[in-house]
2 protein chains.
Amino acid sequence: MKRSKEITIYDIATELNVSPSTVSRALKKHKSIGKETIKKVEKKASQLGYRPNVVAANLRNQKTHTIGVIISRVDRPFISTLIGGIESEAKKKGYHVIFAQSHDKVKLEIENANVLFNSRIDGLIVSLAMETKSYEHFKPFLDKEIPLVFVDRVTETLNTDLVVIDNTHSAYIATKHLIEQGCTRIAHFAGAQHRNVYRNRRTGYENALTEAGLPVDNSLILELKHLNSEEGYKAAEKILTGKNRPDGIFASNDTTAVSVIQCAKKLGIKVPEELAVVGFNNDPICTIIDPALSTIDHPAKQMGELAARQLLEHKSDPIIDSSSTIKLKTSLIQRASSTRKK
Amino acid sequence: MKRSKEITIYDIATELNVSPSTVSRALKKHKSIGKETIKKVEKKASQLGYRPNVVAANLRNQKTHTIGVIISRVDRPFISTLIGGIESEAKKKGYHVIFAQSHDKVKLEIENANVLFNSRIDGLIVSLAMETKSYEHFKPFLDKEIPLVFVDRVTETLNTDLVVIDNTHSAYIATKHLIEQGCTRIAHFAGAQHRNVYRNRRTGYENALTEAGLPVDNSLILELKHLNSEEGYKAAEKILTGKNRPDGIFASNDTTAVSVIQCAKKLGIKVPEELAVVGFNNDPICTIIDPALSTIDHPAKQMGELAARQLLEHKSDPIIDSSSTIKLKTSLIQRASSTRKK
DNA sequence: CTGAAAGCGCTAACAC
DNA sequence: GTGTTAGCGCTTTCAG
């Protein structure tokens with residue numbers, strides 16, 4: 001059964017007494033090739049067990065039909081859903097997806113960018129590492145005009161396509177909702193402020209307070225480096241056991257919002273009656289925690305699909321030179337954790 | 001800034017008045033090249049902005065340094081962790097990872113296998129789609145002796161490397177634990193029985209019952225097609241409202257186990273006092289649900305790393321002709337959902 | 001220690 | 001409608 005030698009178009013050509021180019025064209029159903037010939041070639045090809053050598057074609061065409069994706073880590077609900085969307089869309093268009101994890105480290109992100117650059121991917125989608133503050137490692141892509149799209153955790157300093165949500169507005173509606181539920185002292189778990197997503201969420205939170213005539217109290221704003229559950233729990237403990245406890249919390253992600261609920265339970269603080277909580281992302285855990293967590297619906301899958309589409313269409317349409325930003329709508333999903341009134 | 005033309009080793013060679021072969025060797029730090037020359041070449045290369053053309057090297061070397069991964073869908077905790085492990089290990093060894101989702105459909109799995117086969121990946125890791133019952137689409141890999149490793153949802157009919165856990169034993173200890181907690185009527189949520197993982201879990205469950213002198217009651221065994229939360233909730237409702245309600249449930253995954261707890265809460269059945277519950281996987285939701293869900297710790301990341309290692313080492317060591325099975329240990333994680341005694 | 005030259009397999013411009 | 005031919009950029013054998 002084993003075939004030690006790979007069949008090439010030359011083998012087919014020889015057997016059929018035609019030229020390699022004819023075979024090549026026939027295999028692509030080129031219009032200038034007779035139907036007869038096409039049939040003949042196809043038959044012979046499958047008979048000999050031919051498989052096209054994509055690598056050779058890639059070399060010749062200067063195209064790999066592969067896109068790269070650099071993300072923090074794949075085992076997070078938002079990211080895995082995002083990347084799932086990218087894959088679906090890319091496959092539709094005949095592209096492969098290589099992914100690489102930065103584990104939120106700049107060093108790894110740079111390494112990944114370089115490796116992917118050298119592997120001649122046709123485009124790159126990036127959601128930045130938490131740490132990243134400088135963006136030189138993406139310059140080579142711009143210089144060589146390789147399509148580059150940032151998603152969610154983006155930088156605006158680089159003149160590339162962006163796919164984002166309106167973080168400011170999302171945070172605004174989340175906070176406004178808490179206010180409408182009667183909260184007057186609303187705390188905020190903020191993320192690293194050099195990352196636009198977290199900076200904007202903080203802004204939206206402050207906007208809502210200001211609009212409602214509530215003071216922005218810096219002692220109610222905690223900046224968490226990683227926004228993981230340990231950090232979230234500690235922050236919750238701190239703010240819930242301190243004097244002048246808040247009656248509402250808007251957290252920058254669901255993970256820490258869940259920690260808040262768990263901590264409140266432990267401390268005997270009633271959610272939502274004494275403490276209303278809203279998270280961000282709509283991770284699966286939102287409907288598992290009791291009370292269910294109100295949150296902002298983050299359209300991860302759609303963002304992935306759009307990023308891929310943007311990347312591949314921008315690519316084939318060099319007329320669009322200017323960088324475009326796609327900003328997706330989000331909505332508040334109100335659940336028990338913040339529902340005091342009907 | 002833009003470079004319209006790519007620099008090749010020929011450009012470097014010309015500038016330096018040496019031959020392309022010397023440049024090629026120097027770039028690889030071949031021992032037969034003088035240190036002087038190597039330095040000169042490296043300097044010129046970076047000065048000209050040279051980047052190696054990996055595609056050309058791939059063609060020449062008949063190797064892509066890329067491995068493919070086919071999984072059901074990436075946005076599941078177990079899968080995303082698995083795939084994260086694969087990527088980490090692959091990167092260490094200088095390999096890229098292309099992933100493709102089957103969405104649990106055979107048709108897509110076949111398509112993915114064919115596409116990846118043609119793209120000349122150096123190896124393939126597969127966790128089978130729920131549906132898959134025939135395995136011809138993997139034959140081409142075997143014929144061409146392209147390393148093939150199955151993980152978790154595997155087939156034993158194909159003489160390839162396998163990375164699995166001991167599902168029978170895991171289910172056995174889970175069920176035994178329920179018995180030790182005093183359960184005498186233990187139900188089981190089984191998965192599709194043509195998938196080895198679910199078949200073995202059922203066997204382990206039955207073994208534990210039999211060993212303890214308890215009857216295997218088929219009315220307590222429900223086979224769920226997809227093991228998603230909707231199915232889980234329905235099954236829970238059915239079995240908890242029927243006559244002769246069970247006092248324990250061992251579910252084949254955490255998703256449905258959580259549904260059981262949620263349903264029990266709604267029905268006013270106390271967990272664990274009236275109904276002890278054990279799941280499988282140790283998904284993040286286990287510690288979010290209240291009471292926390294006892295489960296089997298599934299070493300997803302490690303499985304991914306091992307699968308990648310197995311794939312890449314087997315590859316470079318053709319002496320190992322026989323297919324090997326790596327079976328990982330699991331352990332029971334006991335939490336509140338099944339803790340009646342101390 | 002270095003160079004010449006062939007070839008990995010495919011494509012497409014240019015002939016006929 | 002089909003054939004000839006020249007590469008895509010790299011590696012490596014063989015020769016020196």
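For clarity, every value in this text was computed on a predicted model and none was experimentally measured.
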Could you walk me through whether B:Asp161 and B:Arg309 satisfy the salt bridge (charged side-chain N to carboxylate O under 4.0 Å, His left out) test, starting with their C-alpha distance in whole Å, then the side-chain angles of each, then the deciding distance to 0.1 Å, before giving a yes or no? CA-CA 11 Å; B:Asp161 288 347; B:Arg309 196 172 309 159; over 6 Å; no
For residues 112-121 of chain A, run the donor-acceptor check on the side chains, cut-off 3.5 Å, and write out each pair with its distance to 0.1 Å, sequence neighbours left out.
residue  : atom : partner  : partner atom : Å
A:Asn112 : OD1  : B:Lys91  : NZ           : 2.7
A:Asn112 : ND2  : A:Gln101 : O            : 2.9
A:Asn112 : ND2  : A:Leu108 : O            : 3.2
A:Asn114 : ND2  : A:Ile110 : O            : 3.4
A:Ser119 : OG   : A:Val115 : O            : 2.7
A:Ser119 : OG   : A:Leu116 : O            : 3.3
A:Ser119 : OG   : B:His96  : NE2          : 3.2
A:Arg120 : NH1  : B:Pro52  : O            : 2.8
A:Arg120 : NH2  : B:Glu6   : OE1          : 3.2

Spatial distance of atom CD1 (B:Ile125) from atom CD1 (B:Ile67) [nearest 0.5 Å]: 4.0 Å
Round to the nearest Å and state the distance from B:His30 atom NE2 to C:dT2 atom C1'. 12 Å
Salt bridge (charged side-chain N to carboxylate O under 4.0 Å, His left out) between B:Asp104 and B:Arg195, intermediate numbers included: CA-CA 12 Å; B:Asp104 275 323; B:Arg195 273 284 70 80; over 6 Å; no
Cut-off 3.5 Å, no hydrogens considered: what does the side-chain donor-acceptor table look like for residues 35-45 of chain B, sequence neighbours left out?
residue : atom : partner : partner atom : Å
B:Glu42 : OE2  : B:Lys29 : NZ           : 2.5
B:Lys44 : NZ   : B:Glu15 : OE1          : 3.2

Using a 3.5 Å cut-off on both pairing distances, which stems of three or more Watson-Crick or G-U pairs include DNA chain D? C:1-16 with D:1-16
Do the rings of B:His65 and B:Tyr95 sit parallel, tilted or perpendicular, given the 30° and 60° boundaries? tilted
Would you please classify the geometry between the B:Phe141 ring and the B:Phe138 ring as parallel, tilted or perpendicular, with 30° and 60° separating the classes? tilted
How about B:Ser72 and B:Arg153: do any of their side-chain heavy atoms sit closer than 4.5 Å? yes
By side-chain hydrogen bond (donor to acceptor under 3.5 Å, both in side chains), A:Thr325 pairs with (sequence neighbours left out) none
Along DNA chain D, first and last positions that approach a heavy atom of chain B under 4.0 Å: D:dG9 to D:dC14
Base, backbone or nothing for each nucleotide of nucleotides 6-13 of chain C, written B, S, -, heavy atoms under 4.0 angstrom, 5' to 3'? BBBBBBBB
